[in-house]
Number of protein chains: 2
Amino acid sequence: MKVNLNQLKDEFKRYLKRRNMKITQSRLDLIDLLASYGRHFEVEELVNWVASRTDRRVSRSTVYRTIKLLQEFGAIKEVIKQNNRTIYEFVVGKPHHDHLVCVECGKIIEFVNEDIENLQDEVCREYDFEPMNHRLEIFGICSECRKQT
Amino acid sequence: MKVNLNQLKDEFKRYLKRRNMKITQSRLDLIDLLASYGRHFEVEELVNWVASRTDRRVSRSTVYRTIKLLQEFGAIKEVIKQNNRTIYEFVVGKPHHDHLVCVECGKIIEFVNEDIENLQDEVCREYDFEPMNHRLEIFGICSECRKQT
DNA sequence: TATCTTAATGAAAGTCAATCTCAATCAATT
DNA sequence: AATTGATTGAGATTGACTTTCATTAAGATA
Ligand SMILES: [Mn+2]
Ligand SMILES: [Mn+2]
Ligand SMILES: [Zn+2]
Ligand SMILES: [Zn+2]
């Protein structure tokens with residue numbers, strides 16, 4: 001699914017205004033970068049990536065702060081928590097999905113399953129629980145890793 | 001579901017033997033303690049709890065090492081990963097289940113849903129992925145917290 | 001039982017992701 | 001342009017977890 005970046009940035013600007021926050025260059029740069037990044041990422045990875053683009057420096061602090069902000073805005077999500085590491089994903093324009101994680105090679109497989117989603121909603125209704133977000137991680141061994149001896 | 005503690009400990013002892021590991025007092029103490037603990041827990045909580053039982057000291061290092069060992073043995077599982085904290089559960093004698101987590105009050109609600117489990121297996125088959133374990137966390141607001149204000 | 005081998009332990013140091021502090025800077029309003 | 005207040009960067013700090021290594025204890029052997 002294609003996203004209109006300008007439209008996204010406008011929404012983000014409005015979001016910042018609503019929260020009495022300032023529209024800074026760092027924030028716009030990061031949303032730009034993330035929109036084009038195209039894979040799951042860790043924060044430290046992003047810090048280095050931003051640092052390698054010499055045209056503008058964004059500190060580690062700001063990257064962490066902006067990641068949190070973009071989560072609240074809804075543009076990114078924590079999708080995998082494993083070994084004290086957090087893997088994020090830019091989700092704008094992507095339908096919701098969950099993940100299979102190979103514990104051997106680290107490969108991440110995405111899957112969409114509406115039936116599971118619906119059953120989750122049913123469970124929440126049963127417990128009068130208002131779901132905000134969820135994370136389903138299935139850890140195991142991918143087919144390629146199983147082939148190797 | 002009731003578990004026979006002695007039987008569990010015997011299995012654990014055999015498990016240790018198989019791995020050429022020693023049956024130590026710390027290890028037996030911890031499995032004893034966990035079997036009677038009866039709620040979700042964090043490691044630090046356990047460290048303190050063990051420390052408060054003055055009859056025997058078990059160091060933080062040993063608690064961490066044993067937690068990992070008991071995970072491999074299959075007696076405990078990481079069930080919630082939130083805000084850089086890990087919540088564990090003693091699972092012997094409990095049917096598999098997943099969790100609703102209230103982001104307001106921290107309450108944890110357990111639920112069992114065979115349909116979701118089966119659909120997960122289907123997804124894994126579809127991707128030729130061999131699942132080892134999974135974690136489904138649904139974050140939201142519980143009914144009590146929604147009532148307030 | 002005494003002896004021997006080797007794994008386990010505890011205390012402290014180390015690691016690493018994430019957060020905090022605070023002076024300097026920048027956005028936005030007037 | 002001046003003012004106000006949020007944001008930033010650098011480095012310090014936190015907190016969960018791991019590692020190191022000298023000492024202790026399990027358990028095999030005689
Ligand atoms: Mn994904
Ligand atoms: Mn549980
Ligand atoms: Zn793999
Ligand atoms: Zn609640």
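Letters A, B, ... mirror the listed sequences (proteins, then strands); counts begin at 1. From a predicted model like this one, the values you see are computed outputs, not experimental measurements.
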Carboxylate-amine/guanidinium proximity below 4.0 Å for [X] and [Y]:
X       : Y       : result
E104(B) : R146(B) : no
K81(A)  : E137(A) : no
R85(A)  : E44(A)  : no
E89(A)  : K94(A)  : yes

Round to a whole Å and report the spacing from [atom1] of [X] to [atom2] of [N].
X      : N       : atom1 : atom2 : result
Q82(B) : dA18(C) : CD    : C1'   : 16 Å
L16(B) : dT6(C)  : CG    : P     : 19 Å
E44(A) : dT19(C) : CD    : C1'   : 13 Å
L28(A) : dC26(C) : CG    : C1'   : 14 Å
N84(B) : dC16(C) : CG    : C1'   : 11 Å
N48(A) : dA17(C) : CG    : P     : 10 Å
E45(B) : dA16(D) : CD    : P     : 12 Å
R57(A) : dG9(D)  : CZ    : C1'   : 10 Å

Do any side-chain nitrogens or oxygens of [X] fall under 4.0 Å of OP1 or OP2 in [N]?
X      : N       : answer
T86(B) : dC17(D) : yes
S59(A) : dA10(D) : no
R27(A) : dT7(D)  : yes

Distances under 3.5 Å between protein N/O atoms and the N/O atoms of nucleotides 23-30 of chain D, please, pair by pair.
residue, atom, partner, partner atom, Å
dA26(D), N3, K22(B), NZ, 3.1
dG27(D), OP1, I23(B), N, 2.8

(message) If you count every heavy atom of other residues, nucleotides or ligands that lies below 6.0 Å from R60(A) atom CZ, does the total exceed 12?
(response)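 It does not: R60(A) CZ has 12 such atoms or fewer within range.
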(request) Count the heavy atoms of every other residue, nucleotide or ligand shown that sit under 6.0 Å from CD of E144(B), and state whether that count exceeds 12. (result)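 Counting other residues, nucleotides and ligands, CD of E144(B) stays at 12 neighbours or fewer.
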(message) Starting the side chain at C-beta, find the nucleotide from dA18(C), dC17(D), dT9(C) nearest to T62(B).
(response)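 So the nucleotide nearest the side chain must be dT9(C).
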(message) Tell me which residues in residues 64-74 of chain B lie within less than 4.0 Å of DNA chain D, going by non-hydrogen atoms.
(response)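 Listed by number, they are Y64(B), R65(B), K68(B).
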(message) Looking at S61(B) and dC17(D), is any side-chain donor or acceptor paired with a base atom of the opposite kind under 3.5 Å?
(response)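 No, no donor-acceptor pair under 3.5 Å.
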(message) Within 45 degrees of the ring normal and closer than 6.0 Å to the centroid, is that where the cationic atom of R39(B) sits relative to Y37(B)?
(response)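 So R39(B) does make the cation-pi contact.
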(request) Would you verify whether the NZ or CZ of R125(A) falls within 45 degrees of the ring axis of Y127(A) while also being under 6.0 Å from that six-membered ring's centre? (result)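 Geometry flag: not set, cation outside 6.0 Å or 45°.
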(message) Given Y15(B), which partner from the list E11(B), R19(B), R18(B), K17(B) fulfils the side-chain hydrogen bond (donor to acceptor under 3.5 Å, both in side chains) test?
(response)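 Option passing the side-chain hydrogen bond (donor to acceptor under 3.5 Å, both in side chains) with Y15(B): R19(B).
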